[in-house]
Amino acid sequence: MNLLAELRSRLHRALETFTDAPDSFVEMLKPTADGKFGDFQANCAMPLAKQHKQMPRDLALALIAKLDVADLCEPPEIAGPGFINLKIKTERLAAETAALCRDERLGVVPVTTPRTYVVDYSSPNVAKPMHVGHLRSTVIGHALYRILKFLGHNVLSDNHVGDWGTQFGMIIYGYKNFRDDAAYQQAPVAELARLYRLVNQLSDYHELVAKLPGLLLQIPLKEQAVASARAAVSPTEKDSARVLKRAEQDLEASREEIKSAQKKIGEVESSPPLKALADAHPQIAELARKETAKLHAGDVENKRLWDEFVPQCLQALESVYQRFGVKFDLTLGESWYNPMLAGIVDELKRQHLAVTSNGATCVFIDGNDAPFIVQKADGAFTYATTDLATIRHRVENLRADASLYVVDSRQGEHFQLLFATARKMGYDKTEFRHVSFGTVLGEDRRPFKTRSGDTVGLESLLDEAVANARKIVDENSPHLSDADRGRIAELVGIGAIIYVDLHHNRDSDYVFNWEKMLATTGDTATYIQYAYARVCGILRKGEVDAVALRQGQHAILLSTPQERVLALQLNRFGQAVAEVAVDYRPNLLTQYLFETANVFAQFYGSCNVLKESDEALRTSRLLLCDATARVLKQGLDLLGIGVADQM
RNA sequence: GCGCCCGUAGCUCAGCUGGAUAGAGCAACGGAUUUCUAAUCCGUCGGUCCCAGGUUCGAAUCCUGGCGGGCGUACCA
């Protein structure tokens with residue numbers, strides 16, 4: 001039984017005589033902030049009293065009189081201005097816990113009306129190696145996928161890979177002009193990545209060389225702007241200080257831009273071979289774009305190369321996904337939607353939703369200045385077009401009730417326009433949701449840019465985390481075999497990375513930090529994995545047959561506060577999992593699991609299990625251990641994190 | 001210019017649709033192990049919840065204004 005849900009339903013009945021709209025008041029019943037106020041608190045008497053123009057405590061009293069919870073709770077208490085505090089009867093809690101211990105789903109009740117979800121996550125550019133920026137989408141999306149599925153929904157994960165954009169023109173150009181055949185034979189994907197970086201670098205070089213003089217010319221002008229703004233600052237004019245600040249920021253930004261341009265130019269010019277390549281390919285950016293256009297136009301040679309490259313790139317991605325344990329039901333990249341794009345634009349025109357503006361075909365959404373461009377002036381389609389085609393496919397063919405996009409919050413405006421356009425097209429029965437997350441920042445608190453020099457590759461991040469974990473495992477567990485320690489290091493290292501990502505509120509920005517990434521103490525996956533291993537240690541040393549234990553119809557005895565707290569915590573698992581799905585927030589589950597591990601550690605410290613002489617109490621504690629292990633394992637599994645019986 | 005987001009302990013962050021004395025982790029300091037794993041536990045220290053108004057019985061949370069920061073903003077995805 002989900003205790004919170006049950007209490008809310010009881011409260012609902014009691015509220016019916018007080019209000020026509022009990023739902024919002026029912027939700028004011030929640031777990032207590034502090035254990036001394038009992039197990040649950042209902043805060044609805046105060047606002048309700050206001051409606052009835054009564055004293056809150058009087059109303060609370062009247063509400064209690066109607067509240068039928070005698071079978072579940074101790075007599076309710078009124079505290080403070082009108083809080084109703086509820087404490088579950090310990091014998092009832094024990095009975096619920098005994099039932100939980102037998103429940104295969106650990107109190108996670110399947111939804112009564114399953115929906116079909118498409119969860120779109122990870123979605124890297126296949127031409128470039130994945131970097132830390134791809135971590136959040138992959139990890140958050142995967143966790144949501146597993147959680148929604150466990151709740152009983154029909155869920156399809158879709159990796160909407162970028163396999164059709166300008167980056168392929170760059171690779172094709174690089175392949176045609178700069179490839180190292182031996183390297184390509186040996187490690188094709190690495191060679192393609194090198195070619196991409198090279199073409200990108202040379203294009204940037206020419207662009208920056210052309211741009212730099214203009215930037216330099218701006219500096220004196222901007223310095224002058226700062227000087228005159230400074231002269232104009234006056235204490236009476238509020239705006240004058242702001243104008244100065246703006247001018248200063250503007251100047252500083254230009255200086256930064258010049259510095260970065262000079263650095264990139266220097267990198268090419270200080271290397272004679274690079275400089276020679278740059279000189280030999282002055283039009284590289286435009287020529288690479290032409291290769292993309294040729295690919296899109298069906299050029300035989302470019303299509304052949306694309307057919308050769310893409311499977312290899314996907315294979316390389318797969319190896320990273322395997323380490324994360326991430327799987328996709330669908331991998332429908334941009335290219336897959338290519339045949340549908342012209343039809344989408346036609347449809348938009350037919351419905352008079354799209355108009356031509358400055359040569360581009362656009363949809364304008366009320367309240368937004370920026371157009372939603374579905375076809376560029378040169379005739380090419382954009383990712384807006386692809387995204388609309390994707391919606392059509394998901395709604396019409398996959399029959400999705402909801403489509404979740406686990407994507408960086410910086411693309412919020414795009415999704416707002418996309419969803420508005422989709423609704424105008426008639427796709428208004430489907431829930432579209434941008435499950436946005438904060439930007440990955442560098443140590444300097446500036447957004448982590450893909451092209452900035454030392455981007456950390458995702459593979460090397462995983463390797464570093466696993467190597468770090470290996471050191472700690474070797475230190476702490478010399479008694480385990482080499483193979484076991486290797487296996488545990490993989491679980492601990494990768495679990496640490498996944499957990500760091502998930503335990504933040506997804507809206508928050510994310511400061512990338514090695515120490516934090518690799519931490520294995522405190523509020524980390526390791527802590528929870530360790531708690532799990534300790535429970536397993538008890539069951540192992542006690543030579544407990546867990547299956548038989550669960551089926552034994554034994555009673556749960558809550559003889560100490562620690563046992564009671566643990567039992568209550570275990571009974572909250574179903575609620576914790578369900579809450580994640582409400583607003584797609586996996587951090588609610590990490591929080592629950594950390595608390596559970598913490599509560600268990602306290603139980604572990606004060607209640608001996610195997611040496612308990614009272615046989616019934618010993619059995620009860622073994623059952624609590626078993627249920628704790630299963631909750632921790634299941635909970636971590638929903639987040640995509642594994643466990644080991646020994647650490 | 002317009003739009004979106006953010007500002008909570010020394011650091012990194014929780015704080016769900018307004019509820020009781022604002023919480024964790026890290027760091028610092030002090031304690032706990034002849035005991036089922038010390039990758040642990042307990043305690044101490046640490047706050048003008050950016051500022052000013054407003055709504056409310058009650059505001060970190062909602063509203064208005066200001067300050068500070070980030071991001072996006074017509075043919076990249």
Side-chain angles (χ1 to χ4, degrees), chain A residues 24 27-28 30 32-34 36-37 41 43 46-47 49-50 55-56 79-83 85 123 125 162 164-167 238 241-242 245 334 357-362 367-378 380 382-384 386-387 408-414 416 436 438-439 441 445-447 472-473 475-477 479 492 500 503-505 507-509 511 513 515-516 519-524 526-527 529-531 533-542 579 582-583 585 587-588 590-591 594-595 597-598 601-602 604-612 621 625 646-647:
Chain A
S24 63
E27 305 212 338
M28 292 178 190
K30 52 186 83 176
T32 44
D34 188 324
K36 74 183 176 199
F37 299 129
Q41 62 183 75
N43 303 338
M46 284 88 79
K50 186 166 17 176
M55 299 295 285
F83 296 102
N85 292 337
S123 308
N125 235 310
W164 200 241
T166 47
Q167 76 280 8
K238 252 174 64 183
R242 200 190 321 175
K245 180 121 198 181
E334 291 169 331
S357 168
N358 290 339
T361 308
C362 309
N368 286 81
D369 295 339
F372 194 55
I373 297 176
V374 293
Q375 189 168 21
K376 299 193 282 185
D378 65 6
T382 68
Y383 76 129
T386 312
D387 281 352
D408 194 319
S409 61
R410 284 177 291 191
Q411 295 194 40
E413 208 166 356
H414 166 71
Q416 200 188 319
S436 66
T439 308
L441 303 174
R445 297 208 66 107
R446 302 200 65 84
I472 297 169
V473 174
E475 255 174 53
N476 286 301
S477 306
H479 58 286
V492 167
V500 161
H503 102 284
H504 288 103
N505 182 326
D507 288 321
S508 306
D509 283 351
V511 179
N513 174 295
E515 205 182 316
K516 217 165 67 180
T520 57
T521 58
D523 186 358
T524 62
T526 313
Y527 176 82
Q529 289 167 324
Y530 179 67
R534 292 214 286 182
V535 191
C536 289
I538 295 176
L539 299 173
R540 187 174 55 247
K541 292 220 167 157
E579 272 169 7
V582 172
D583 200 31
R585 296 194 177 277
N587 67 314
L588 297 177
T590 62
Q591 204 174 316
F594 177 66
E595 281 164 12
N598 188 239
Q602 290 168 37
Y604 187 93
S606 59
C607 301
N608 201 303
V609 180
L610 296 177
K611 290 184 182 161
E612 174 55 51
R621 287 179 178 172
C625 286
Q646 293 188 63
M647 284 174 70

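As the structure is a prediction and not an experimental result, all values here were calculated from the model. Within every chain, numbering begins at 1; the chains are lettered A, B, ... in the order of the sequence lines, protein sequences first and strands thereafter.
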Practice problem: Would you kindly give the CD-to-C1' distance between Glu475(A) and rA38(B), to the nearest whole Å? | Solution: 13 Å

Practice problem: Please find out if less than 6.0 Å separates the ring center of Phe37(A) from that of Phe83(A). | Solution: no

Quiz item: Between rG18(B) and rA60(B), how far is it from one C1' atom to the other, in whole Å?
Solution: 10 Å

Practice problem: In whole angstrom, give me the gap between the C1' atoms of rU55(B) and rU61(B). | Solution: 13 Å

Quiz prompt | Complementary nucleotide for rA24(B) - Watson-Crick or wobble, under 3.5 Å | solution = rU12(B)

Exercise. Identify whether any heavy atom of Ala601(A) sits under 4.0 Å from a base atom; if not, whether one sits that close to sugar-phosphate; answer base, sugar-phosphate or nothing.
Key: sugar-phosphate

Quiz item: Side chains of Val492(A) and Ile472(A): does their closest heavy-atom pair fall under 4.5 Å?
Solution: no

Quiz item: Atom CD1 of Ile472(A) and atom P of rA39(B): how far apart are they, to the nearest Å?
Solution: 11 Å

What's touching nucleotides 24-30 of chain B from the protein side, N or O pairs under 3.5 Å?
none

Self-check item: Length of the CD-C1' vector between Gln416(A) and rU73(B), whole Å
Solution: 12 Å

Quiz item: Using the ring of each side chain (for Trp, its six-membered ring), is His414(A) parallel, tilted or perpendicular to Tyr383(A), with breaks at 30° and 60°?
Solution: parallel

Quiz item: When you compare rG7(B) with rU12(B), how far apart are their C1' atoms, in angstrom units rounded to a whole number?
Solution: 15 Å

Self-check item: Heavy-atom side-chain contact between Asp509(A) and His504(A) under 4.5 Å
Solution: no

Self-check item: rU55(B) pairs with, by Watson-Crick or G-U criteria that keep both distances under 3.5 Å
Solution: none

Practice problem: Output the distance between atom CG (Leu539(A)) and atom SG (Cys625(A)), rounded to the nearest 0.5 Å. | Solution: 6.0 Å

Self-check item: Presence of Lys541(A) side-chain N/O under 4.0 Å of rU37(B) phosphate oxygens OP1/OP2
Solution: yes

Exercise. Choose from rU73(B), rA39(B), rG68(B) the nucleotide whose nearest atom is closest to any side-chain atom of Tyr530(A).
Key: rA39(B)

Self-check item: Nucleotide-resolved protein contact map, nucleotides 12-23 of chain B, B/S/- at heavy-atom distance under 4.0 Å
Solution: SSSS-B-BBB--

Quiz prompt | Under-4.0 Å side-chain N/O to phosphate OP1/OP2 contact, Arg534(A) with rA38(B) | solution = yes

Practice problem: With P as the reference atom in both, quote the distance from rG69(B) to rU8(B) in angstrom, rounded to an integer. | Solution: 14 Å

Quiz item: Between Gln591(A) and Asn587(A), is any side-chain donor less than 3.5 angstrom from a side-chain acceptor?
Solution: no

Quiz item: By side-chain contact (heavy atoms from CB on, under 4.5 Å), which residues pair with Ala79(A), not counting sequence neighbours?
Solution: Asn85(A)

Exercise. Without swapping roles, check the side chain of Gln41(A) against the backbone of Ala33(A) for a donor-acceptor pair under 3.5 Å.
Key: yes

Quiz item: Nearest to the side chain of Ala533(A), which nucleotide is it out of rU37(B), rG72(B), rA39(B)?
Solution: rU37(B)

Self-check item: Spacing between Asn476(A) atom CG and rA38(B) atom C1', to the nearest angstrom
Solution: 9 Å

Quiz item: So which nucleotide from rC71(B), rC41(B), rA39(B) ends up closest to the side chain of Arg410(A)?
Solution: rC71(B)

Exercise. Look through every strand shown and name the nucleotide pairing with rG72(B) as Watson-Crick or G-U wobble, where both distances are under 3.5 Å.
Key: rC2(B)

Quiz item: Taking C-beta and beyond as the side chain, do Ile538(A) and Leu610(A) meet within less than 4.5 Å on heavy atoms?
Solution: yes

Quiz item: Which one is paired to rU40(B), where only Watson-Crick or G-U wobble pairs with both distances under 3.5 angstrom count?
Solution: rA32(B)

Practice problem: Find which nucleotide of RNA chain B each of Asn358(A) and Asn368(A) is nearest to by heavy atoms, and output the residue with the more 5' nucleotide. | Solution: Asn368(A)

Quiz item: Tyr527(A) side chain N/O closer than 4.0 Å to the phosphate oxygens (OP1, OP2) of rU37(B)?
Solution: no

Exercise. Using a heavy-atom cut-off of under 4.0 Å over every strand shown, decide if Glu595(A) touches base, sugar-phosphate, or nothing.
Key: nothing

Quiz item: Base, sugar-phosphate, or nothing for Thr526(A), non-hydrogen atoms under 4.0 angstrom?
Solution: base

Practice problem: For rC42(B), take OP1 and OP2 only and decide whether either is under 4.0 Å from a side-chain N or O of Gln602(A). | Solution: yes

Quiz item: Tell me: OH of Tyr383(A) to C1' of rA74(B), nearest whole Å?
Solution: 11 Å

Quiz prompt | Sugar-phosphate, base or nothing in reach of Ser606(A), heavy atoms under 4.0 Å | solution = nothing

Quiz item: Expressed as a whole number of Å, how far does the P atom of rA52(B) sit from that of rG15(B)?
Solution: 25 Å

Self-check item: Approximate separation, where rounding is to 0.5 Å, of Asn598(A) CG and Asp523(A) CG
Solution: 9.5 Å

Practice problem: Identify, between Cys362(A) and Lys611(A), the residue whose nearest nucleotide on RNA chain B lies closer to the 5' end. | Solution: Lys611(A)

Quiz item: What interatomic distance, in whole Å, is found between C1' of rG19(B) and the corresponding atom of rG58(B)?
Solution: 7 Å

Quiz item: Tell me: CD1 of Ile538(A) to P of rC36(B), nearest whole Å?
Solution: 10 Å

Self-check item: Distance between P atoms of rC16(B) and rC62(B) (Å, rounded)
Solution: 9 Å

Self-check item: Rounded P spacing from rA27(B) to rG70(B) in Å
Solution: 30 Å

